[in-house]
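These values consider heavy atoms only, across backbone and side chains, with no hydrogens, waters or symmetry-generated copies. Lettering of chains follows the sequences in order, A, B, ..., and the numbering in each one begins at 1.
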Amino acid sequence: MHTISIPIPTEPFDFRATVTDHGWYLLAPWRWRPDDATLERVERLPSGRVVLLHIWQDGETLKLGCAESLDAAEWDYAQTSIRRSLRIDQDFAPFYQMAQNAADQALWQVVKHGRGRLMRTPTLFEDVIKMICTTNITWSQTEQMSARICENLGSPYPADPTRKAFPMPHQVAEASEETFTDKVRLGYRNASVQHLGREIVTGNYNLEELNQSPLRGEALRKELQKLKGVGPYAAASVAGLLGDYTYLPVDSAFREHVRNKYFDGDKTVPDAKMMSIYEGWAEWKQLAYWFDRDR
DNA sequence: GTCCAGGTCGCGC
DNA sequence: GCGCGACATGGA
């Protein structure tokens, strides 16, 4: 195995929590090995070459390993992909500071050893598609849909062709309607996912550009809601993946948590009242909610 | 069979 | 702006 080291952030950092605190690690092409706390991912490099990446923590550094021999540009691409996924370059100090200074110390007690850095994927494209696949569906179906997207649209890993990479936009765009209907089976989400792939391929929409966008808050959410299949819940969630936690993803899980924890299970409480629970967390509301469920 | 899941969209008002 | 039904899929 060839490896390189990735310095970990100076703030508290918890690799295992970073991987497992968000459900994305359960979705193909990620694979998590709990026994040795190693994350795997089949990745398609820009050249079209498909490799298997391994990520684990070794003391004060993260290790990125690859069974295949990579050249400098390939290592660079692999490292960039993993840095985005693990949010290595995002600054969580303000969040920790706010939690530490809060009158209620409960959240700080949950996150103080380095939690909060919820895992995403190498591309916004993959994150948005997966988010669309969490809407109006159960989590187990989200897992199955992610698996079918890779299996039927992604490029195979030569050393183990049963494992596939997440498809590139052109692979999504070029798949036939029959492939989606008969194999990928995302239900009515088929149209949204294929539309996203096509808009990117034609250049009508430069999605990854949003990774560097200064847009925040309402402006960012409005931009994300322009995407087909992305409404208030998905836009708030994707904004969180982009590092903007201003908006709460109000869905059935949010309502159930807030209702049970703060309103004695009362099903008549309006959304606005539920959302007000996290009002004090300003631009960190979504993280405050996420870890509020974890006490 | 029926309901509904980490919703979104298009319609009519 | 708000309420309402349709929507693919598959598990409970």
Side-chain angles (χ1 to χ4, degrees), chain A residues 19-28 30 116 118-121 124 126-153 172 175-199 205 207 218 220-242 244-263 265 267-275 277-278 285-295:
Chain A
V19 172
T20 63
D21 274 341
H22 190 230
W24 259 206
Y25 76 105
L26 296 167
L27 306 180
W30 293 116
L118 308 179
M119 194 171 93
R120 45 189 183 173
T121 74
L124 191 50
E126 182 175 337
D127 284 332
V128 169
I129 287 177
K130 284 175 170 171
M131 201 62 76
I132 288 173
C133 291
T134 68
T135 59
N136 195 27
I137 208 78
T138 56
W139 177 255
S140 73
Q141 289 224 64
T142 302
E143 294 181 313
Q144 294 172 47
M145 286 176 174
S146 294
R148 291 198 295 265
I149 288 170
C150 294
E151 171 60 29
N152 294 293
L153 305 176
V172 169
S176 67
E177 193 174 321
E178 291 70 36
T179 298
F180 270 93
T181 306
D182 301 339
K183 302 205 159 131
V184 187
R185 299 203 308 279
L186 308 181
Y188 61 84
R189 300 163 198 77
N190 284 340
S192 303
V193 169
Q194 191 155 39
H195 182 257
L196 182 61
R198 288 178 173 157
E199 288 291 282
Y205 203 88
L207 183 66
E218 188 180 5
L220 177 58
R221 198 170 72 154
K222 285 269 165 60
E223 186 64 26
L224 290 169
Q225 284 188 219
K226 288 179 183 170
L227 303 172
K228 202 170 155 80
V230 175
Y233 151 79
S237 298
V238 172
L241 292 182
L242 283 168
D244 179 1
Y245 306 94
T246 311
Y247 283 97
L248 293 161
V250 178
D251 59 8
S252 59
F254 172 86
R255 294 188 182 96
E256 183 182 16
H257 164 72
V258 177
R259 175 197 304 146
N260 291 338
K261 183 159 182 171
Y262 298 99
F263 296 99
K267 294 191 174 181
T268 68
V269 181
D271 287 348
K273 196 168 179 182
M274 292 197 187
M275 293 162 74
I277 292 290
Y278 302 101
K285 289 187 208 52
Q286 192 180 138
L287 276 185
Y289 152 63
W290 190 265
F291 289 99
D292 186 39
R293 312 191 313 173
D294 200 84
R295 296 175 189 172

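- Comparing the same atom, C1', in B/dA5 and in C/dA8 gives a spacing of 13 Å after rounding to whole Å.
- No engagement by A/V250 is indicated, since no non-hydrogen atom pair under 4.0 Å with the nucleic acid exists.
- Spacing between atom CD1 of A/I137 and atom P of B/dA5 amounts to 11 Å, rounded to whole angstrom units.
- Distance CG (A/D271) to C1' (B/dG6): 13 Å, rounded to an integer number of Å.
- A donor atom on one side chain and an acceptor atom on the other are found under 3.5 Å apart for A/W139 and A/E143.
- In this structure, the nucleotide among C/dG11, B/dT8, C/dA8 sitting nearest to the side chain of A/P232 is B/dT8.
- Between the C1' atom of B/dG6 and the CZ atom of A/F254 lies a distance of 12 Å, rounded to the nearest Å.
- Looking at heavy-atom distances under 4.0 Å, A/T181 makes contact with sugar-phosphate atoms alone, never a base.
- We find that CG of A/N136 is positioned 12 Å from C1' of C/dG10, with the value rounded to whole Å.
- Where A/G229 and A/D251 each meet DNA chain B at their nearest nucleotide, the meeting point lying more 5' is that of A/D251.
- At a threshold of 4.0 angstrom between heavy atoms, the contacts of A/F180 with the nucleic acid are absent.
- Across all strands shown, A/R189 has heavy atoms under 4.0 Å from base atoms, whether or not it also approaches the sugar-phosphate.
- C/dA6 and B/dC3: their C1' atoms are spaced 16 Å apart (whole Å).
- Comparing B/dG6, C/dA8, C/dG11 against the side chain of A/Q144 picks out C/dG11 as the nearest.
- The distance between atom CZ of A/R293 and atom P of B/dG6, rounded to the nearest whole Å, is 10 Å.
- Under the 4.0 Å criterion applied to side-chain N and carboxylate O atoms, A/K226 and A/E223 are assigned as salt-bridge partners.
- Closest to the side chain of A/A234, from the set B/dG7, B/dA5, B/dT8, is B/dT8.
- Closest to the side chain of A/Y289, out of B/dG6, B/dG7, C/dT9, is B/dG6.
- Here B/dG6 is the nucleotide among B/dG6, B/dT8, C/dG11 with the atom lying nearest to any side-chain atom of A/S252.
- Computed from coordinates, the A/L186 CG to B/dA5 P distance equals 20 Å when rounded to whole Å.
- Atom OH of residue A/Y289 and atom CZ of residue A/F254 lie 6.5 Å apart, to the nearest 0.5 angstrom.
- In this structure, the CD atom of A/Q141 is 13 Å from the P atom of B/dA5, given to the nearest Å.
- At a threshold of 4.0 angstrom between heavy atoms, the contacts of A/L227 are confined to the sugar-phosphate backbone, with no base atom among them.
- A/D292 and A/Y262 are linked by a side-chain donor-acceptor pair at a separation below 3.5 angstrom, with hydrogens and angles left out of the test.
- Defined by atom type and a distance below 3.5 Å, a donor-acceptor pair is missing between the side-chain atoms of A/W290 and A/D21.
- Between the CD atom in A/E126 and the CG atom in A/L207 there is a gap of 12.0 Å [rounded to 0.5 Å].
- Between C/dC2 and B/dG6, the distance separating the two C1' atoms is 24 Å to the nearest Å.
- Within the structure, a side-chain polar atom (N or O) of A/R185 is placed less than 4.0 Å from OP1 or OP2 of C/dG10.
- Between A/R255 atom CZ and B/dC4 atom P the separation is 14 Å, expressed in whole Å.
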